[in-house]
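Working notes, beginning with the structure itself.
To find a chain, count down the sequence lines: A is the first, B the second, and so on, and within it residues start at 1.
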2 protein chains.
Amino acid sequence: MSQTVDRALSILPLLAEGPADLGQVADRLGVHKSTALRLLRTLHEHGLVYRQSDQRYRLGARLFALAQEAMENLDIREIAHPHLVRLNEQCGHTVHLAVHEENEVLYIDKVESRYPVRMYSRIGKPVAITVAAVAKLLLADLPEPERRALADKLDYPLYTARSTPNAAAFLRELEQVREQGWATDLGGHEESINCVAAPVRGADGRVVAAMSVSAPNVVVTADELLTLLPQVRRTADAISGEYSGRTPVKGTPA
Amino acid sequence: MSQTVDRALSILPLLAEGPADLGQVADRLGVHKSTALRLLRTLHEHGLVYRQSDQRYRLGARLFALAQEAMENLDIREIAHPHLVRLNEQCGHTVHLAVHEENEVLYIDKVESRYPVRMYSRIGKPVAITVAAVAKLLLADLPEPERRALADKLDYPLYTARSTPNAAAFLRELEQVREQGWATDLGGHEESINCVAAPVRGADGRVVAAMSVSAPNVVVTADELLTLLPQVRRTADAISGEYSGRTPVKGTPA
DNA sequence: CTGGTGCGTTGCACCTACTGCAACGTCCAT
DNA sequence: ATGGACGTTGCAGTAGGTGCAACGCACCAG
């Protein structure tokens with residue numbers, strides 16, 4: 001829409017491929033050297049472009065700083081909430097959003113079931129880390145040594161007969177969850193309650209949050225709940241897309 | 001230097017603080033809304049800016065992608081080499097550059113000693129990971145569980161009486177290296193050879209490479225070699241600065 | 001030492017394309 | 001209904017971006 005800015009921004013992906021000198025930049029932009037020089041200078045003043053000792057240009061540190069700062073100020077909750085509400089409107093059950101923090105998994109958002117029988121949970125409360133579906137997803141994404149170290153440190157309380165009994169079983173389950181890309185908790189925390197969960201991923205593919213749908217047996221059976229899996233995954237993917245700023249729309253010029 | 005581009009780029013740090021709507025952007029730029037709109041649209045087409053569901057703008061995923069791609073295409077060796085040469089010119093000893101890769105530490109560059117007595121080493125060859133100064137620096141930066149897991153997996157060959165004897169001693173040494181920010185190998189690999197090493201860090205502060213100066217006892221004593229530490233650290237810091245694209249120069253406008 | 005080539009840089013005249021304005025559409029709250 | 005807030009569009013004027021040509025400089029070969 002704005003030619004000058006358009007050209008300037010086209011320099012960035014070009015430099016991402018590797019350092020380039022003024023002539024190369026001008027050629028690939030299809031503009032005169034003097035024009036390219038001015039654009040590069042402007043980019044340089046903003047720190048997006050760095051001039052190395054051999055005079056060639058490359059991307060600068062500011063870019064990294066910006067990306068990082070934006071990351072930190074990104075509030076998953078804010079982004080996810082409308083999606084959670086929509087899912088709740090569709091299926092009626094309790095919807096949770098959870099993140100991993102400091103060896104704990106915490107619920108950070110929740111949309112209450114519209115059925116009279118509700119499950120108990122509280123935003124901000126650590127979840128039962130060894131059995132909750134969301135916890136499995138979040139921990140399954142850790143690098144292997146950390147996963148192992150954490151699994152060893154945990155207690156494995158037997159909430160029910162189906163609770164994860166020990167570190168070995170837990171690690172096996174995490175491996176499976178990691179591969180299939182979703183998780184369940186079928187009566188592992190409270191006999192009568194089942195969950196299905198799916199991961200929310202950031203731009204780099206790492207799991208930044210997990211969301212789940214939970215319902216007691218008296219409302220739907222585990223099998224019925226499992227039929228919601230595609231819907232849950234679709235919702236999680238939608239949140240991932242928005243969180244990582246993937247623009248789902250029209251053509252971006254080469 | 002270019003007004004339009006200048007304005008467009010000023011939007012980025014502004015959005016890094018958090019999402020903003022058109023009016024806010026226009027105000028803080030001091031331009032008309034229609035102008036801000038056009039700039040935002042251009043940024044949007046390049047994926048640097050994303051429009052969330054509430055119509056507000058925030059930084060887009062492309063920014064991360066660019067930063068990552070630039071990272072990958074950054075060649076430390078290319079950047080470091082002139083610095084290594086300069087250091088070699090100053091002190092005359094062998095200078096090495098090493099990186100950590102797949103449970104190994106590899107020399108990726110080397111400037112030969114200008115003294116007649118040289119130490120043996122080859123670019124591309126894995127270093128003695130349990131004793132080499134550069135290896136200590138690279139491994140000391142790993143997260144604790146990974147460091148531990150790796151230390152357990154390693155063999156601890158007794159090259160000399162001063163070689164690191166076992167995992168416990170190694171981990172203790174890594175902890176110390178981590179805190180002091182430099183490392184040595186005093187006859188741990190070959191009786192008569194000593195090294196001092198310093199880390200090269202990326203924009204995010206993580207250690208991406210390590211460099212060392214090595215010399216045999218017959219040329220300089222260990223104590224004499226240690227007096228070079230400040231020089232080695234200064235060189236490593238210079239490489240870090242250039243690698244991470246920190247522009248050491250003049251004022252960038254607010 | 002000299003002439004040549006390749007690079008980044010500068011000043012300038014032309015005219016593109018960026019700007020601000022004002023008007024319109026839409027959505028919400030009153 | 002009515003007012004306000006906000007994003008969006010078309011348009012006329014001119015700010016400022018563009019390409020050209022010339023310059024300075026470093027490097028290399030004759």
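Contact annotation: A:R7 side-chain N/O to D:dT18 OP1/OP2 distance is under 4.0 Å. OP1 or OP2 of D:dG19 sits under 4.0 Å from a side-chain N or O of A:T35. For C:dG20, the OP1/OP2 oxygens have no side-chain nitrogen or oxygen of B:S34 closer than 4.0 Å. Taking only side-chain nitrogens and oxygens, A:T4 comes nearer than 4.0 Å to OP1 or OP2 of C:dC18.
The 5' end of DNA chain D is approached more closely, in terms of each residue's nearest nucleotide, by B:L37 than by the other of A:K33 and B:L37. Residue-to-nucleotide proximity on DNA chain C shows that, of A:G23 and A:V5, the 5′-proximal contact is made by A:G23.
Of all the residues in residues 25-32 of chain A, not one reaches under 4.0 Å from DNA chain C with any non-hydrogen atom.
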Exercise for the section: Determine, step by step, whether A:E112 and A:K110 satisfy the side chain to side chain contact (heavy atoms under 4.5 Å, CB included) criterion, reporting the C-alpha distance in whole Å, the side-chain angles of both residues, the deciding distance to 0.1 Å, and the verdict. Expected result: CA-CA 6 Å; A:E112 284 283 5; A:K110 172 187 183 181; 3.1 Å; yes

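If you take CG of B:L39 and P of C:dA17, they are 16 Å apart, rounded to a whole angstrom. Separating the CG atom of A:D21 from the C1' atom of C:dG8 is a distance of 10 Å, rounded to the nearest angstrom. Rounding to whole angstrom units, CZ of residue A:R38 and C1' of D:dG16 are separated by 10 Å. Residue B:L22 contributes atom CG, which lies 17 Å from atom P of C:dC27 at whole-angstrom precision. Taking atom CZ of B:R56 as the reference point, atom C1' of C:dC27 lies 17 Å away to the nearest angstrom. Atom CE of B:M1 is separated from atom P of D:dA15 by 18 Å (rounded to the nearest Å). The separation between A:D6 atom CG and D:dG17 atom P is 15 Å, rounded to whole Å.
Backbone-only engagement by A:R51 is indicated by non-hydrogen atom pairs under 4.0 Å involving sugar-phosphate atoms exclusively.
Salt bridge present: B:E78 and A:R56 bring a charged side-chain N and a carboxylate O closer than 4.0 Å. At a threshold of 4.0 Å, the pair B:D204-B:R206 does not count as salt-bridged, since none of the basic side-chain nitrogens sits closer than that to a carboxylate oxygen.
Side-chain N/O atoms of B:H96 and B:D109 include no donor and acceptor closer than 3.5 Å. For the 3.5 Å distance criterion, the side chains of A:Y50 and A:R58 fail to qualify, holding no donor opposite an acceptor. Using modelled atom types and a 3.5 Å distance limit, the side chains of A:H100 and A:D141 yield no donor-acceptor pair.
Taking only side-chain atoms of A:R41, from C-beta outward, the nucleotide of C:dT10, D:dT8, C:dC18 with the closest atom is C:dT10. Side chain of B:Q3, nearest nucleotide from D:dT18, D:dC11, D:dG16: D:dG16.
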Please tabulate, for the side chains in residues 20-29 of chain B, all donor-acceptor contacts under 3.5 angstrom to protein atoms that are two or more places apart in sequence or on a different chain.
| from | atom 1 | to | atom 2 | distance (Å) |
| --- | --- | --- | --- | --- |
| B:D21 | OD1 | B:G23 | N | 3.3 |
| B:D21 | OD1 | B:Q24 | N | 3.0 |
| B:Q24 | OE1 | B:D21 | N | 2.9 |
| B:R28 | NH1 | B:E17 | OE1 | 3.2 |

